Visitor: 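Here you go, one structure.
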Amino acid sequence: MYSRITGTGSYLPEKVVTNADLEKTVDTTDEWIRARTGIERRHIAADDQCTSDLAVHAARLAMTAAGVQPEDIDLIVVGTTSPDLVFPNVGCLVQERLGIRGCPAFSIEAACSGFIYALTTADRFVVTGQAKCALVIGAETLSRIVDWSDRSTCVIFGDGSGAVVIQPSEEPGIISCHLGADGRYKDLLCTPSGPSKKPTADQPRDPFITMKGNEVFKVAVKTLESIVRKTLAENNMDGSEIDWLIPHQANNRIIQALSKRLKMPIEKVILTVQEQGNTSAASVPLALDVAVRDGRGQRGDLLLLGAFGGGFTWGSVLLRY
Ligand code: UT7
């Protein structure tokens, strides 16, 4: 038994913030942002939109694409690091909004790898027969934990959501999933305070994202390369067999370096960072949905999804779409 993606969906909030807009608020330039990140614009949630609102939009589209109804869904897993509330979790909020009753619903917090962790978890439920129709979402409003006066982070992040429905299949489907983490890097990309961590004299309360960008960059490139190589090796595959590489969209330079190191032509890589910025756990399902809807991702294609994020966390999913 395998699980297989039967529908995808995604959503970007209406409000667009361009690099030119940011030039007016922080000491930056469109040229710097484009050269260092590849980002030209990002979408930002409206004041009255929370992560669950974005998630619901993507979920509805994925369910329509899969041809399933709320009563069919028997598992909801959401990857997010910017939940509406400490609790109830975003899965429960989505469940209520979609009129789904009784099934397990939970969130997984693994920063930018959140969707890969969520998909891996949901795959296990389907493969072991514990779920027959799982809704898997990556959704974020990281704009709420960005310090809009910090030019080193505010130019990078955006809001959005992506979702898939997975169902049992005799043919793969999801072929293999690989997850990893290394907490020794916890301080390189984090929010220094949170609901439980009290401020101290040397660490006042700071709920905003802080990042040692350059150090994160180097580990991100190496780790993404190694997770892709590991995934290919464990499946006795060569990079040339992959139809589409769908990496986490953190920085165009990271993706270009990855494509070069893996000798995978950039034409075989889905790139959305220019239009969306880094949407954390939403970035991989957003890019997947873009590829499916613009016709690049065809049924039967071999897709390799990969992500890397704060924690550090990382993961990959190899699947036949
Ligand atoms: O999603 C999870 C994983 N996240 C990532 O993978 C992100 C990884 N990191 C990155 O994408 C890049 O490191 C950044 C885009 C964050 C930064 O690019 P960089 O080439 O590593 O720049 P840097 O941090 O080394 O900074 C270079 C210079 C500095 O000035 P000095 O010290 O050389 O005078 C910064 O102060 O650029 C300056 N700078 C800026 N200048 C204009 C930093 N941010 C900005 C800005 N506009 N927005």
Side-chain angles (χ1 to χ4, degrees), residues 17-42 79-82 109-117 138-143 145-160 162 179-191 208-228 246-259 261 269 271-274 276-287 305-316:
V17 173
T18 64
N19 293 349
D21 293 329
L22 291 172
E23 281 181 350
K24 293 177 200 140
T25 55
V26 284
D27 180 15
T28 192
T29 61
D30 172 50
E31 194 189 356
W32 190 96
I33 303 171
R34 274 192 290 113
R36 299 290 180 127
T37 70
I39 300 167
E40 293 182 10
R41 58 189 69 79
R42 70 286 293 144
T80 187
T81 304
S82 45
E109 191 219 312
C112 303
S113 313
F115 176 77
I116 299 291
Y117 269 64
E140 301 277 18
T141 49
L142 280 195
S143 62
I145 53 167
V146 161
D147 176 355
W148 287 95
S149 66
D150 174 8
R151 69 176 183 173
S152 70
T153 51
C154 77
V155 302
I156 292 166
F157 295 101
D159 299 334
L179 300 180
D182 192 339
R184 287 174 302 172
Y185 293 105
K186 64 185 169 51
D187 298 327
L188 292 188
L189 176 52
C190 62
T191 56
F208 298 123
I209 295 172
T210 61
M211 175 164 72
K212 296 201 170 69
N214 212 278
E215 290 168 63
V216 177
F217 189 104
K218 288 176 203 152
V219 189
V221 173
K222 276 193 211 143
T223 308
L224 281 166
E225 180 189 2
S226 98
I227 188 93
V228 168
I246 307 186
H248 169 49
Q249 309 283 319
N251 183 320
N252 186 40
R253 280 160 56 219
I254 293 180
I255 298 172
Q256 296 285 344
L258 186 66
S259 130
R261 281 165 174 244
V269 182
L271 274 168
T272 56
V273 67
Q274 175 183 340
Q276 301 174 4
N278 178 347
T279 58
S280 186
S283 96
V284 169
L286 261 162
L305 320 182
F308 174 87
F312 288 148
T313 58
W314 57 86
S316 66

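Note that the coordinates shown come from a computational prediction; the quantities given were computed from them, not determined experimentally. As the structure lists them, so they are numbered: ligands from 1, and atoms in each ligand from 1.
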Visitor: Considering all protein heavy atoms, does one lie under 4.0 Å from atom 41 (N) of ligand 1?
Guide: yes
Visitor: Considering both backbone and side-chain atoms of Gly310, is one of its nitrogen or oxygen atoms within less than 3.5 Å of a nitrogen or oxygen in ligand 1?
Guide: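 No; the residue has no nitrogen or oxygen that sits under 3.5 Å from a nitrogen or oxygen of the ligand.
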Visitor: Atom CD of Gln274 and atom CZ of Arg41: how far apart are they, to the nearest 0.5 Å?
Guide: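 Here the interatomic distance stands at 6.5 Å.
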Visitor: How far is atom 35 (C) of ligand 1 from its nearest protein heavy atom, and which residue and atom name does that atom have?
Guide: Arg151 NH2, 3.9 Å
Visitor: Which protein non-hydrogen atom lies closest to atom 7 (C) of ligand 1, naming both residue and atom, and how far is it?
Guide: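 The closest one turns out to be Met211 SD, 3.9 Å.
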Visitor: Give the single entry among Thr28, Thr279, Asp30 that approaches atom 46 (C) of ligand 1 most closely by any heavy atom.
Guide: Thr28
Visitor: With side chains defined as the heavy atoms from C-beta onward, is the minimum distance between Arg36 and Val155 less than 4.5 Å?
Guide: no
Visitor: Rounded to the nearest 0.5 Å, what separation is found between the CG atom of Leu271 and the CD atom of Gln276?
Guide: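 Those atoms lie 10.5 Å apart.
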Visitor: Considering heavy atoms of the protein only, find what lies nearest to atom 17 (C) of ligand 1 and give residue, atom and distance to 0.1 Å.
Guide: Trp32 CH2, 3.9 Å
Visitor: Any non-hydrogen side-chain atom of Ser143 less than 4.5 Å from a side-chain atom of Trp148?
Guide: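 Ser143 reaches Trp148 side chain to side chain.
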Visitor: May I ask you to list the atoms of ligand 1 that are less than 4.0 angstrom from any heavy atom of Phe308?
Guide: 2 (C)
Visitor: By side-chain contact (heavy atoms from CB on, under 4.5 Å), which residues pair with Ala281, not counting sequence neighbours?
Guide: Glu140
Visitor: Atom CG of Leu258 and atom CG of Asn251: how far apart are they, to the nearest 0.5 Å?
Guide: 12.0 Å
Visitor: For ligand 1, which atoms sit closer than 4.0 Å to a heavy atom of Ala250?
Guide: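 Those qualifying, in numeric order: 1 (O), 5 (C), 6 (O).
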Visitor: Closest by any non-hydrogen atom to atom 27 (C) of ligand 1: pick that one out of Gln249, Arg36, Lys212.
Guide: Arg36
Visitor: Given Thr313, Asn214, Asn251, Asn278, which one has a non-hydrogen atom that is nearest to atom 21 (O) of ligand 1?
Guide: Asn214
Visitor: Below 4.5 Å, heavy atoms only, C-beta onward: do Arg42 and Asn19 meet side chain to side chain?
Guide: yes
Visitor: Distance to 0.1 Å, residue and atom name: give those for the protein heavy atom nearest to atom 5 (C) of ligand 1.
Guide: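 Checking every protein heavy atom, the shortest distance to atom 5 (C) of ligand 1 gives Val216 CG1, 3.7 Å.
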Visitor: Using a 4.0 Å cut-off to any heavy atom of Ser152, which atoms of ligand 1 qualify?
Guide: 44 (N)
Visitor: Answer whether the closest heavy-atom distance between the side chains of Val219 and Tyr185 falls below 4.5 Å.
Guide: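 Val219 reaches Tyr185 side chain to side chain.
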Visitor: As an exercise, identify every atom of ligand 1 less than 4.0 angstrom from a heavy atom of Cys112.
Guide: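 In order of number, 1 (O), 2 (C).
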Visitor: Just to be sure I read this right, does ligand 1 sit under 4.0 Å from the backbone of Phe217, its side chain, both, or neither, counting only heavy atoms?
Guide: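 The answer is both.
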Visitor: I need the nearest protein heavy-atom contact for atom 6 (O) of ligand 1: residue, atom name and distance, please.
Guide: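 Minimum-distance protein heavy atom for atom 6 (O) of ligand 1 reads Ile254 CD1, 3.2 Å.
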Visitor: Measure the OG1-CG distance between Thr37 and Asn278 for me, rounded to the nearest 0.5 Å.
Guide: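 Between Thr37 OG1 and Asn278 CG, I get 9.5 Å after rounding to 0.5 Å.
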Visitor: Can you find a pair of side-chain heavy atoms, one from Val221 and one from Phe308, that are under 4.5 Å apart?
Guide: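 The answer is no; the side chains never approach within 4.5 Å.
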Visitor: Atom NE2 of His248 and atom CZ of Phe115: how far apart are they, to the nearest 0.5 Å?
Guide: 13.5 Å
Visitor: Checking contacts now, so for atom 11 (O) of ligand 1, which I'm interested in, is there any protein heavy atom under 4.0 Å?
Guide: yes
Visitor: Thr29: which residues meet the side-chain contact (heavy atoms from CB on, under 4.5 Å) condition with it, sequence neighbours left out?
Guide: Glu23, Glu31, Trp32
Visitor: Is there a side-chain contact between Leu305 and Ile116 in this structure, where contact means two heavy atoms from C-beta onward sitting under 4.5 Å apart?
Guide: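 Of all side-chain heavy-atom pairs linking Ile116 with Leu305, at least one is under 4.5 Å.
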Visitor: Kindly indicate whether the side chain of Val17, heavy atoms from C-beta on, has any atom under 4.5 Å from the side chain of Leu22.
Guide: yes
Visitor: With the threshold set strictly below 4.0 angstrom, can you tell me whether any protein non-hydrogen atom sits that near atom 33 (O) of ligand 1?
Guide: no
Visitor: Go through ligand 1 atom by atom and flag the ones less than 4.0 Å from a non-hydrogen atom of Val155.
Guide: 48 (N)
Visitor: Regarding ligand 1, does Thr37 bring an N or O atom to under 3.5 Å of one of the ligand's N or O atoms?
Guide: no
Visitor: So is Leu189 touching ligand 1 or not, going by heavy atoms under 4.0 Å?
Guide: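 So Leu189 counts as touching ligand 1.
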Visitor: Is atom 15 (C) of ligand 1 in close reach of the protein, with a heavy atom under 4.0 Å away?
Guide: yes
Visitor: By number and element, which atoms of ligand 1 are closer than 4.0 Å to a non-hydrogen atom of Arg253?
Guide: 18 (O), 20 (O)
Visitor: Under a heavy-atom criterion of less than 4.0 Å, does Ile33 contact ligand 1?
Guide: no
Visitor: From Ile209 CD1 over to Leu189 CG, what is the distance, rounded to the nearest 0.5 angstrom?
Guide: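 Answer rounded to 0.5 Å: 7.0 Å.
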Visitor: For atom 9 (N) of ligand 1, what is the nearest protein heavy atom, given as residue, atom name and distance?
Guide: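 Of every protein heavy atom, Gly213 O, 3.0 Å lies nearest to atom 9 (N) of ligand 1.
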Visitor: Checking contacts here: is it the side chain or the backbone of Ile156 that comes within 4.0 Å of ligand 1, counting heavy atoms only? Could be both or neither.
Guide: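 The part of Ile156 near ligand 1 is the side chain, not the backbone.
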